[in-house]
Amino acid sequence: MVEIRLTNTKTRRKEDFQPLDPQNVRLYLCGPTVYDRAHLGNARPVVVIDVLVRLLRHVYGPEHVTYVRNFTDVDDKINAAALARKEAGAPGTLEELIRQRTAETIGWYHADMDALGAARPDHEPRATDYIDQMQRMIGQLIESGHAYARDGHVLFRVRSYADYGKLSGRSVDDMIAGARVEVAPFKEDPMDFVLWKPSDGDLPGWDSPWGRGRPGWHIECSAMSYELLGESFDIHAGGIDLQFPHHENEIAQSCCAHPHGQFARVWLHNEMLQVEGRKMSKSLGNFFTVRDLLDQGIPGEVIRFVLLSTHYRKPMDWTAEKAREAEASLRKWRGLVAGIDPAPSPAPAVIAALADDLNTAGAIAALHELAGQGDAAGLLASAQLLGLLGEELGDWARGPDLSVLAARMESLRAEAKAQKDFSAVDALKRQLAEAGVEIRMTKDGTELLPGAGFDPARLPQ
RNA sequence: GGCGGGUUGGCGGAGAGGUUACGCAGCGGAUUGCAAAUCCGUGAAGACCGGUUCGAUUCCGGUACCCGCCUCCA
């Protein structure tokens, strides 16, 4: 049995991973708020956790892993987008416009993550389908004294959970001293956070014991993970920016509502993504979505490779140079494994790297070594554990038939050798190179392959 | 102000208390009409200051610089 080790944010240590139930390893990843296209930063945890799920399925069996990733479809940005459409004259009620917007965004999200080779989770709950369960949990928290209703709001009383702040290493008093908290008249303590808030007529709302309103952000993950995974489960993952307050609040709610459960045992947090050395932000003009990259012709497999080439716990810098190098490596490997059946199992070095806190960069290095040794079957089997070199992501590398051009090159070359004049050969070679074709001439013949930046439109006729 | 992360060779990026990471680029060679690709070979590192140790880039402490979070942004 492969021993998996994972760095648990909760303990700040790398620990042996022992599932609660090896017959059903359960993990939850905080999913997107579906108001717009997923940006590249959204894709990092998805791809990283996709590799973790592949590893877990490899170790515990394909049927023994349950992977949940939610869609947050209650959100002020969604409301604003829908309201803007309504004001622009779109037909339908606000609720219908919201539903349209979130359905459309979920469709985009699926298409974009599919393009990165990320397998769909077993469950993809939508917050709006779990309003009752959220209300039930909020009711329990009020009954047990961990929450209070005031002015149409329900707030979680952070002072009633002794371990509040443990995950992120903060104390309530220090945070208040920082003074960047919303002070509201209905709060007992400035750090108390919203479980339920009132909605006016311009906002989506649900009837509740506390009046028409909508849930706060954090409660959905607590309610949905409880419903789908139980009061104790193995892994909870997300970006490090969610560590506080989102995950801290999830822990407080879940542990107070279900005091006999442990909630998530292992917390995995990935570091943030940067672009050419700077934070990705709209104001810096370096903000882009996954779809933007795909539309630029960068294959999903290349994006995936780049995302996996830095360990998940380190900041990752997206650069055009990395995409170029990744494409070259993938082309080379795809050439190597063409027509080869994968080995029965991935190479031990690759499994060992992944089992060691998901060292995807180390695993890629091991793939390079397999390629260097000419072990195509091992390379293929191992790469597939990382979701690379599979059929489904391979379209970009399958070039058109260039044999006619290769034959023309050969005849020109034979003629040139006889005439000692290579100008015609060189001219064709230059045209091919400009179209991104890789030319491999040996004394036996000419082989033409689509190379980096291949553009069929520029091929010589 | 509080909390967390980082600093490795030209670039990217890992592991390991003592032995080659790996990739790209470079350099030398083979090959080629010339190239490309391929193959062979090769130089190059561990922010700074202390400590522990026979020995640290790897452990501990401090300094500097960078980054993120504390604003329902992964």
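Side chains included, hydrogens not; waters and symmetry mates left out as well; all remaining heavy atoms used. Residue numbers start from 1 in every chain, and the chains themselves are labelled A, B, ... in the order their sequence lines are given, proteins ahead of strands.
In this structure, Lys314(A) reaches the A14(B) phosphate: one of its side-chain N or O atoms is under 4.0 Å from OP1 or OP2. Listed pair Lys332(A) / C24(B) meets the phosphate criterion, a side-chain N or O lying under 4.0 Å from OP1 or OP2.
Sorted by first then second residue, the side-chain hydrogen bond (donor to acceptor under 3.5 Å, both in side chains) pairs that include residues 26-42 of chain A, not counting sequence neighbours, are Tyr28(A)-Asn70(A), Arg37(A)-Asp112(A), His39(A)-Asn42(A).
Closest approach to the Lys322(A) side chain among C70(B), A74(B), G12(B) is made by G12(B) (side chain taken as heavy atoms from C-beta onward). For Val425(A), the listed nucleotide lying nearest its side chain is G33(B); candidates were C73(B), G33(B), G5(B). When distances are taken from the side chain of Met441(A) to each of C24(B), A35(B), A74(B), the shortest belongs to A35(B). Of the candidates A21(B), C70(B), U7(B), A21(B) carries the atom nearest the Glu369(A) side chain, counting heavy atoms from C-beta on. If you check C34(B), C70(B), G4(B) against the side chain of Asp426(A), the one that comes closest is C34(B). With distances taken from any side-chain atom of Ser329(A) to the nucleotides G4(B), A74(B), G23(B), the minimum falls on G23(B). Here the nucleotide nearest the side chain of Lys429(A), chosen from A35(B), G12(B), G4(B), is A35(B).
Rounded to whole angstrom, the span from the CZ atom of Arg331(A) across to the P atom of A36(B) amounts to 19 Å. For the pair Glu271(A) CD and U7(B) P, the computed distance is 11 Å after rounding to whole Å. Atom C1' of nucleotide A37(B) and atom CD1 of Ile439(A) are separated by 10 Å, given to the nearest angstrom. Rounded to whole Å, atom P of A35(B) lies 19 Å from atom CG of Leu448(A). As a whole-Å value, the separation of Leu308(A) CG from C22(B) C1' is 16 Å. The interatomic distance linking Gln431(A) (CD) with A35(B) (P) rounds to 21 Å, in whole Å. Whole-Å rounding puts the Arg44(A) CZ to G5(B) C1' distance at 12 Å. Per the geometry, CE belonging to Met272(A) stands 11 Å off P belonging to G68(B), to the nearest Å.
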Listing, residues 378-385 of chain A side-chain donor-acceptor contacts under 3.5 Å, not counting sequence neighbours, or none:
{"from": "Ser382(A)", "atom 1": "OG", "to": "Ala347(A)", "atom 2": "N", "distance (Å)": "2.8"}
{"from": "Ser382(A)", "atom 1": "OG", "to": "Gly378(A)", "atom 2": "O", "distance (Å)": "2.7"}

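Within residues 353-368 of chain A, the residues having any heavy atom closer than 4.0 Å to RNA chain B are, in order of number, Asn359(A), Ala361(A), Ala365(A), His368(A). Listed by residue number, the members of residues 405-424 of chain A with any heavy atom below 4.0 angstrom from RNA chain B are Lys417(A), Phe422(A).
When the side-chain contact (heavy atoms from CB on, under 4.5 Å) test is applied to Lys14(A), the partners found at least two apart in sequence or on another chain are Arg5(A), Thr7(A), Asp356(A), Asp357(A). Residues passing the side-chain hydrogen bond (donor to acceptor under 3.5 Å, both in side chains) test with Glu415(A): none are found, sequence neighbours excluded. For Val47(A), the side-chain contact (heavy atoms from CB on, under 4.5 Å) partners at least two apart in sequence or on another chain are Leu116(A), Arg304(A), Leu307(A), Leu308(A). A search for side-chain contact (heavy atoms from CB on, under 4.5 Å) contacts involving Ala111(A) returns Arg291(A), not counting sequence neighbours. Residues that satisfy the side-chain contact (heavy atoms from CB on, under 4.5 Å) test with Ser329(A), not counting sequence neighbours, are Phe305(A), His368(A). Evaluation of the ring-ring contact (aromatic ring centres under 6.0 Å, His included) rule for Tyr130(A) yields no partner, not counting sequence neighbours. Residues passing the ring-ring contact (aromatic ring centres under 6.0 Å, His included) test with His247(A) are His236(A), Trp267(A), His269(A), sequence neighbours excluded.
Looking at heavy-atom distances under 4.0 Å, Ser309(A) makes contact with sugar-phosphate atoms alone, never a base. Among the heavy atoms of the strands, none lies under 4.0 Å from Glu447(A). Across all strands shown, Gly169(A) has heavy atoms under 4.0 Å from sugar-phosphate atoms exclusively, and none from any base. Contacts of Leu242(A) with the nucleic acid, taken as non-hydrogen atoms under 4.0 Å apart, involve only primed sugar atoms and P, OP1 or OP2. In this structure, Asp317(A) reaches neither bases nor backbone, as no heavy-atom distance under 4.0 Å exists between it and the strands shown. Within 4.0 Å of Arg440(A), counting heavy atoms only, lies at least one base atom of the nucleic acid. At the heavy-atom level, Val46(A) lies nowhere under 4.0 Å from the strands shown. Across all strands, His39(A) comes closer than 4.0 Å to base atoms (heavy-atom distances). Nucleic acid contact for Leu29(A): none, since no nucleic acid atom lies under 4.0 Å from a heavy atom of the residue.
Annotation: G9(B) and U58(B) have their P atoms spaced 15 Å apart (nearest Å). Rounded to a whole angstrom, the distance from the P atom of U8(B) to that of G13(B) is 9 Å. On the P atoms, U63(B) is 28 Å away from G18(B), given to the nearest whole Å. Rounded to whole Å, the P atom of U7(B) lies 9 Å from the corresponding atom of A14(B). For the P atoms, the distance linking A25(B) with A36(B) amounts to 11 Å, nearest Å. Between the C1' atoms of G46(B) and G12(B), the separation comes to 15 Å (whole Å). Atom P of A21(B) sits at a distance of 28 Å from the matching atom of G5(B), rounded to the whole Å. Only the P atoms considered, G55(B) is 15 Å distant from U19(B), to the nearest whole Å.
Defined by atom type and a distance below 3.5 Å, a donor-acceptor pair is missing between the side-chain atoms of Thr9(A) and Gln243(A). Counted by atom type alone, Thr319(A) and Asp317(A) present zero donor-acceptor pairs between their side chains at under 3.5 Å. Under 3.5 Å, the side chains of Ser199(A) and Arg212(A) contain no donor-acceptor pair of N or O atoms.
Separation of the Phe156(A) and Tyr161(A) ring centroids does not fall under the 6.0 Å cut-off.
Taking for each of Arg12(A) and Gly238(A) the nucleotide of RNA chain B with the nearest heavy atom, the 5'-most of the two is the partner of Arg12(A). Toward the 5' end of RNA chain B, the nearer of the two residues Asp75(A) and Arg313(A), judged by each one's closest nucleotide, is Arg313(A).
A salt bridge does not link Glu325(A) to Lys322(A): none of the charged nitrogens lies less than 4.0 Å from a carboxylate oxygen.
In terms of heavy-atom proximity, Val290(A) sits nearest to Ala43(A) at CG2-CB, 3.9 Å.
Helical stems in RNA chain B, defined as runs of 3 or more consecutive Watson-Crick or G-U wobble pairs with both donor-acceptor distances under 3.5 Å, are listed by first residue as B:1-7 with B:64-70, B:10-12 with B:22-24, B:26-30 with B:38-42, B:47-51 with B:59-63.
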